[in-house]
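These figures come from a predicted structure and were not determined experimentally. Along the sequence shown, the residues carry numbers beginning at 1.
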Amino acid sequence: MSKFAGIYVAMYSAYDAKGIVDKERVKRLARYYASSGVKGLYVGGSSGEGMLQSAEERKQVLEAVLEEVRGELAVIVHVGASSTRESMDLCIHAQQVGADAVSSVPSVYYRLSEKAVENHWQHMIDSTNLPFIIYNIPQTTGFNLSFDLCKRLAQQEKVIGVKMSGESTFELEQFKEAGGDDFLVFNGPDEQFLAGRIMGADGGIGGTYGVMPELFCKLDAYFREGRFEEALQLQHTVNRFIKKLLGYPSLYGACKYILNLRGIETGEPRLPLLPVLPEHHESLVQLNEDIRAASLNYLS
């Protein structure tokens, strides 16, 4: 399990000027994170706009990531889709190209029973030999993983953990207890990373990590070293940046613009996600400078 515990960037999409997946841009983005100290990448999730891409596009992104950083970073690929058939296809592809693990939300749109969700996930689990990580994000899917279902799934050797993006650290703690000591729990809400770690998370997977990976790596290091007061102060610093990012029309648009300022072009987010407007550029330049200054300060 130590192979997977740690800091994972929920990797953004990377398109060309026409909004088409650009594999070279994907590779440059993956290389940027490989030099930042993170444990791995979570590909095709919310931050990666996986639900807004075709299955073929999702495969192209994963292939580009693995061509660039396979063996350097652990790569978890989100395979959730509306249909079980498509999710299984993405699982099989992930195994064929060398991903380290797969992960999935429940099917969206239809209001599914717990039994239906369990069956959906079980088909993915059975489709490959890859480790499977449950993705619980009730605020977007409308489905909140129960402790009983978590416990049942965790009894299977291939089900190694859960990405807990719900807002309750109490529930995070309960998922850890339901799964047992060898069951991984990844903190989802970036703004309460430290709280999640204190309550039992083994690491984190987050979208805002993408513009400040060094800060989250340092925050995790502080926690592991027992330097809790310093960790709390750094979480406060990170949260000030997150609050500003959330003030823009699109969190992903803001993050992608910041990366562009650093010479890493990823294009605009795919509609209906909004890009940032010219009127936001000046404040994003300042925010980028503030994040870079904090990173240099904490790493010096």
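A continuous path of Ile, Leu, Val, Met, Phe, Trp and Tyr side chains, each step under 4.5 Å between heavy atoms, connects Leu145 with Met199, placing both in one hydrophobic cluster. Put simply, Leu194 and Phe175 are part of two different groups of oily side chains (I, L, V, M, F, W, Y) that touch within less than 4.5 Å, one to the next. In the hydrophobic clustering of ILVMFWY residues, with side-chain heavy atoms under 4.5 Å counting as a link, Val61 and Tyr32 come out together. Hydrophobic clustering, with ILVMFWY side chains joined whenever heavy atoms are under 4.5 angstrom apart, groups Leu66 together with Val79. A continuous path of Ile, Leu, Val, Met, Phe, Trp and Tyr side chains, each step under 4.5 Å between heavy atoms, connects Leu149 with Phe147, placing both in one hydrophobic cluster.
In this structure a side-chain-to-backbone donor-acceptor pair under 3.5 Å is missing from Asn187 to Gly203. The backbone N or O of Ile137 sits nowhere less than 3.5 Å from a side-chain atom of Ser165 that would complete a donor-acceptor pair. At least one donor-acceptor pair under 3.5 Å links the side chain of Gln235 to the backbone N or O of Phe193. Judged by distance alone, the side chain of Ser87 and the main-chain N or O of Ala81 form a donor-acceptor pair under 3.5 Å. Looking at Lys158, its side chain does come within 3.5 Å of a backbone N or O of Ile125 through a donor-acceptor pair. Proximity of a side-chain donor or acceptor of Ser250 to a complementary backbone N or O of Leu274 within less than 3.5 Å is detected. Counting only distance, with no hydrogens or angles, the side chain of Arg25 and the backbone of Tyr15 share a donor-acceptor pair below 3.5 Å. The closest donor-acceptor contact from the side chain of Gln192 to the backbone of Glu167 lies under 3.5 Å.
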Exercise. Taking it one step at a time, do Thr140 and Ser46 satisfy side chain to side chain contact (heavy atoms under 4.5 Å, CB included)?
Worked result: CA-CA 10 Å; Thr140 61; Ser46 304; 5.6 Å; no
For this session: Test Leu41 against Ile76 for side chain to side chain contact (heavy atoms under 4.5 Å, CB included), laying out the working first.
Result: CA-CA 6 Å; Leu41 300 175; Ile76 303 170; over 6 Å; no
Problem set entry | Derivation and outcome, salt bridge (charged side-chain N to carboxylate O under 4.0 Å, His left out), residues Lys3 and Asp100 | CA-CA 10 Å; Lys3 172 182 178 179; Asp100 294 285; 3.1 Å; yes
For this session: Starting from the C-alpha separation in whole Å, work towards a yes-or-no answer on side chain to side chain contact (heavy atoms under 4.5 Å, CB included) for Leu219 and Phe223.
Result: CA-CA 6 Å; Leu219 180 52; Phe223 172 80; over 6 Å; no
For this session: Give the C-alpha distance, both sets of side-chain angles, the deciding distance and a yes or no for side-chain hydrogen bond (donor to acceptor under 3.5 Å, both in side chains) between Gln156 and Gln122.
Result: CA-CA 10 Å; Gln156 301 181 57; Gln122 192 62 54; 2.7 Å; yes
For this session: Let me see the working for Ser54 and Glu57 under side chain to side chain contact (heavy atoms under 4.5 Å, CB included), right down to the final yes or no.
Result: CA-CA 5 Å; Ser54 68; Glu57 287 177 313; 3.2 Å; yes
Exercise. Glu268 and Lys256: salt bridge (charged side-chain N to carboxylate O under 4.0 Å, His left out), yes or no, with the steps?
Worked result: CA-CA 7 Å; Glu268 294 184 346; Lys256 287 158 75 75; over 6 Å; no
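Using a 4.0 Å cut-off between charged side-chain N and carboxylate O, Glu171 and Lys176 make no salt bridge. A salt bridge links Lys59 with Asp89: the closest approach of a Lys/Arg side-chain nitrogen to an acidic carboxylate oxygen falls below 4.0 angstrom. Salt bridge annotation for Asp220-Arg224: present, with a cationic side-chain nitrogen under 4.0 angstrom from a carboxylate oxygen.
Remark: Leu215 CG to Leu299 CG distance equals 7.0 Å, nearest 0.5 Å. Between the CD1 atom in Ile133 and the CG atom in Leu153 there is a gap of 13.0 Å [rounded to 0.5 Å]. The OH atom of Tyr42 sits 11.5 Å away from the OH atom of Tyr8 when rounded to the nearest 0.5 Å. Within the model, atoms CZ of Arg240 and CG of Leu245 stand 13.5 Å from one another, a figure rounded to the nearest 0.5 Å. For the atom pair CD1 (Ile291) and CD (Gln286), the distance works out to 10.5 Å, reported to the nearest 0.5 Å.
The two residues Met124 and Cys91 make their nearest non-hydrogen contact at CB-SG, 3.7 Å. A pairwise comparison of heavy atoms in Ser104 and Gly80 identifies OG-CA, 3.1 Å as the closest pair.
Counting heavy-atom neighbours within 6.0 Å of Asp181 CG, excluding the residue itself, gives a total of 12 or less. Other residues, nucleotides and ligands contribute more than 12 heavy atoms inside 6.0 Å of the CZ atom of Arg31. Other residues, nucleotides and ligands place no more than 12 heavy atoms under 6.0 Å from the CD atom of Glu282. Within 6.0 Å of NE2 on His123 lie no more than 12 heavy atoms contributed by other residues, nucleotides or ligands. At most 12 heavy atoms of other shown residues, nucleotides or ligands fall within 6.0 angstrom of atom CD in Glu177. The 12-atom threshold is exceeded at NZ of Lys23, counting heavy atoms of other residues, nucleotides or ligands nearer than 6.0 Å.
Side-chain contact of Glu49 with Gln53: a donor-acceptor pair under 3.5 Å is absent, judged by distance alone. Looking only at atom types and distance, the side chain of Thr84 has a donor-acceptor partner in the side chain of His120 under 3.5 Å away. Side-chain atoms of Tyr135 and Lys163 include a donor-acceptor pair closer than 3.5 Å. For Ser295 and Arg292, the side-chain atoms include no donor-acceptor pair closer than 3.5 Å.
Between Thr169 and Glu173, the closest side-chain pair of non-hydrogen atoms is not below 4.5 Å. No side-chain heavy atom of Val162 sits less than 4.5 Å from a side-chain heavy atom of Leu184. Two residues are said to be in side-chain contact when any heavy atoms from C-beta on lie closer than 4.5 Å; Ser13 and Arg270 fail this criterion. Counting only heavy atoms from C-beta outward, the side chains of Phe132 and Trp121 approach each other to under 4.5 Å. Counting heavy atoms from C-beta outward, Asp126 and Met88 have side chains that stay 4.5 Å or more apart. Here the side chains of Asn144 and Asn136 are in contact, with some heavy-atom distance below 4.5 Å. A heavy-atom distance below 4.5 Å is found between the side chains of Leu284 and Tyr248. Side chains of Leu251 and Thr208 form a contact here, defined as non-hydrogen atoms less than 4.5 Å apart.
The only option from Glu63, Glu265, Glu67 that meets the salt bridge (charged side-chain N to carboxylate O under 4.0 Å, His left out) definition with Lys27 turns out to be Glu67.
Taking the six-membered ring where the residue is Trp, Tyr252 and Tyr12 present tilted rings, their angle falling between 30° and 60°.
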